[in-house]
Structures are given as C-alpha cells and as structure tokens.
2 protein chains.
Amino acid sequence: MKPTAHPDPERCRLVNDIIALVGDKWSVQVVMCLGGGQQRFTEIRRAVEGISQKMLTVTLRGLERDGYVQRTVHATIPPRVDYELTPLGYELLVPLKALGDWALTHYRRVAAARAAYDARALADAAE
Amino acid sequence: MKPTAHPDPERCRLVNDIIALVGDKWSVQVVMCLGGGQQRFTEIRRAVEGISQKMLTVTLRGLERDGYVQRTVHATIPPRVDYELTPLGYELLVPLKALGDWALTHYRRVAAARAAYDARALADAAE
DNA sequence: CTGTATCCCTCCTGATACTG
DNA sequence: CAGTATCAGGAGGGATACAG
C-alpha cells in the first residue's frame with residue numbers, strides 16, 4: 001500500500017471525535033462485551049475485568065448519550081437495569097471488530113518492534 | 001446485525017492494547033497525516049492543527065516505538081528529519097480508514113443522539 | 001529546524017462510603 | 001442491585017525556555 005490523498009482537516013476532526021469516544025480505556029471493551037447481547041450492570045462489571053463501578057457508570061452514560069447503548073430500567077425491588085446495543089451500536093461493532101482482528105493478527109509485530117526499540121534505547125543509554 | 005460470540009478476556013486485552021495506542025488524542029491524526037506520504041517534523045506540525053511541539057514529539061516517538069513510523073535523520077545544517085509510515089503503519093491505515101469512513105457516514109446520527117440526550121437531561125433537570 | 005527540559009494545571013481514574 | 005458523592009493520586013497535555 002502506498003500514499004493516497006492528502007489529509008482533510010475537516011475529516012480529521014470528525015474521525016477524531018468518534019475515535020475519542022471510542023478510544024478511551026473502557027468504551028471499546030464495554031461495546032464488545034455488549035456485542036454478546038443484552039446484559040445487566042453487574043454482568044458487564046464482571047465481564048470487563050478491572051473496571052470500577054464508577055467508571056462503568058460513566059462509560060455507559062457516555063455510550064448511551066451517543067446513541068450506541070439502550071438503557072432499560074425495570075421498576076422492581078431490587079432494581080434491575082438492562083443495557084443493550086442499539087442498531088447504531090451494532091453497526092459500530094463492525095469497524096471495531098475489524099480493528100480488533102487487525103490487532104490480533106499483528107500484535108506480535110508491534111510487540112517485536114517495541115522490544116527492538118527498547119533494546120536499542122537501552123544500548124544507546126549504556127554507551 | 002445480532003449478538004455474536006461471548007467476549008474473550010484475552011482478546012479484549014490485546015485489542016485494548018492496540019486501541020490504547022491508537023486511541024490517544026493525536027496518534028490517529030498523525031498516522032492519517034503520514035498516510036499522505038513522507039513528511040518532515042514541521043510539515044506534520046502544520047497539518048495536525050492544534051498539536052504542540054512537545055506532543056508531536058511524544059506521539060511520533062510512540063508510533064516509532066511500536067513500528068508504525070520510520071524516522072530518518074539527515075545530518076545537515078539545519079537538521080532535517082523525515083517521518084514515514086512503515087509497511088506495518090500502512091497496514092494499520094486500512095482498518096483505521098474503515099473506522100474513519102464509518103465516522104463520516106454516521107456522525108450525524110451520533111450528533112442527533114447527543115442532542116436528544118442533552119435535551120432530555122435538560123428537561124429532566126427543569127422539572 | 002528539531003528537538004529536550006521544566007513547570008504547572010486539568011482531568012481522568014480508583015477507592016471508599018452512602019442512598020433508594 | 002444499581003447507582004451517587006466525595007476525595008486524593010497520577011497521568012496527560014500545554015506553555016515556555018533552552019540546546020545541538
């Protein structure tokens with residue numbers, strides 16, 4: 001693959017806006033988790049290892065605000081809240097999975113590049 | 001599109017590792033900028049609007065470490081440094097562009113969802 | 001021109017405690 | 001169960017000054 005068109009500033013901004021939403025520590029993991037179907041708050045919390053209660057709430061609110069996630073409250077005792085991807089959420093899953101597949105295919109090359117870079121940096125520092 | 005397989009923790013971690021690299025404020029913009037071909041430090045700085053000198057340096061170092069970008073120093077006066085995507089970088093550009101195209105296609109729906117959510121939040125607060 | 005070094009401040013994040 | 005409230009620590013990121 002070789003160089004293509006020159007970057008468009010407007011395009012950059014829009015892309016970055018979506019990426020920013022998607023690029024934080026938890027959003028992608030939550031969306032992928034919900035790709036498995038409707039789940040409750042605690043189920044997601046268990047599935048996404050390491051996420052705190054606060055951050056799960058914040059993340060879900062953000063995804064709901066952007067229309068990726070549908071939140072359904074059942075007025076029962078104890079309360080029950082279901083989260084599910086909207087049609088938009090499922091559509092987002094497609095390019096997200098593409099990126100995920102790419103990561104799974106190439107992460108070894110990234111790891112190798114990192115190791116090589118760090119080794120070189122270490123050697124330079126030792127001179 | 002409907003629910004698929006259950007999320008795999010290991011897969012989540014690997015994907016998140018790549019996304020984290022890609023998901024910061026500047027990396028994607030720089031990679032897309034370099035998709036236009038080899039460029040000098042100052043050229044990138046001008047193309048990526050709003051980036052500071054410090055953050056461009058930090059971002060380029062990160063991309064170089066992960067093997068996405070090749071850095072070439074010319075020992076001239078004044079110094080000249082060229083940056084170019086590696087083959088791995090160009091490959092990353094593919095799923096990145098897919099996500100970018102998705103963003104361009106659907107950002108209106110995201111904006112609409114945000115507006116609706118904010119309007120509703122405002123109405124709820126006013127009651 | 002292409003960086004490095006420093007200061008500083010904001011925001012993200014986790015931990016903890018409390019509510020309906 | 002599903003949150004909200006509060007606080008503190010640390011990383012991210014900008015401004016500035018300086019160096020090769």
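The sequence lines fix the lettering, A, B, ..., with proteins before strands; numbering per chain opens at 1. Below, each value reflects all heavy atoms present in this structure, side chains not excepted, and no hydrogens, waters or symmetry copies.
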Whole-Å distance separating the CD1 atom of A/Ile51 from the P atom of C/dT13: 9 Å
Using a 4.5 Å cut-off on heavy atoms from C-beta on, say whether the side chain of B/Val73 contacts that of B/Pro79. no
Could you check whether the side chain of A/Gln53 and the base of C/dG14 have a donor-acceptor pair of N or O atoms closer than 3.5 Å, going by distance alone? no
Partner of B/Leu93 under side-chain contact (heavy atoms from CB on, under 4.5 Å), chosen from B/Leu85, B/Leu88, B/Leu34: B/Leu85
To the nearest Å, give me how far apart CZ (B/Arg80) and C1' (C/dC1) are. 11 Å
Distance check needed: C/dT2 C1' versus B/Arg46 CZ, whole Å only. 13 Å
OP1 or OP2 of C/dC1 less than 4.0 angstrom from a side-chain nitrogen or oxygen of B/Arg40, does that happen here? no
Nearest whole Å is fine: how far is D/dG20 C1' from B/His74 NE2? 17 Å
Length of the CD-P vector between B/Glu64 and C/dG3, whole Å: 9 Å
Categorize B/Arg71 for me: base, sugar-phosphate, or nothing, with a 4.0 angstrom heavy-atom threshold over every strand shown. sugar-phosphate
Per-pair distances, 0.1 Å, donor-acceptor, side chain in residues 108-122 of chain A, under 3.5 Å, sequence neighbours excluded:
unit_1: A/Arg109; atom_1: NH1; unit_2: A/His106; atom_2: ND1; d: 3.3
unit_1: A/Arg109; atom_1: NH1; unit_2: B/Glu91; atom_2: OE1; d: 3.1
unit_1: A/Arg109; atom_1: NH1; unit_2: B/Glu91; atom_2: OE2; d: 3.3
unit_1: A/Arg114; atom_1: NE; unit_2: B/Asp66; atom_2: OD1; d: 2.7
unit_1: A/Asp118; atom_1: OD1; unit_2: B/Arg65; atom_2: NH1; d: 2.9
unit_1: A/Asp118; atom_1: OD2; unit_2: B/Arg65; atom_2: NH1; d: 2.6

State which of D/dA2, C/dC1, D/dG13 makes the closest approach to the side chain of B/Pro78. C/dC1
Separation of D/dT4 atom P from A/Leu56 atom CG, nearest Å, is 11 Å
Compare side-chain N and O positions of A/Thr42 against OP1 and OP2 of D/dA2 and report whether any pair is under 4.0 Å apart. yes
Please work out if B/Arg61 contacts a base, only the sugar-phosphate, or nothing of the nucleic acid, heavy-atom cut-off 4.0 Å. sugar-phosphate
If you define the side chain from C-beta out and look only at heavy atoms, does anything of A/Val48 sit under 4.5 Å from A/Trp26? yes
Starting from C1' on C/dT2, measure out to OH on B/Tyr83 and report it in whole angstrom. 8 Å
Picking from D/dC1, D/dT4, C/dT13, which would you name as closest to the side chain of A/Thr57? D/dT4
Closest to the B/Pro79 side chain, choosing from C/dC1, D/dG13, D/dA2: C/dC1
Whole-Å distance, A/Lys25 NZ to C/dC11 C1', equals 14 Å
Need one value for B/Lys54: base, sugar-phosphate or nothing, where a base atom within 4.0 Å counts as base even if backbone is also close, heavy atoms only. base
Are the side chains of A/Gln70 and A/Gln38 in contact, using a 4.5 Å heavy-atom criterion? no
From the set C/dT13, C/dG3, D/dG13, return the single nucleotide nearest to any side-chain atom of B/Met55. D/dG13
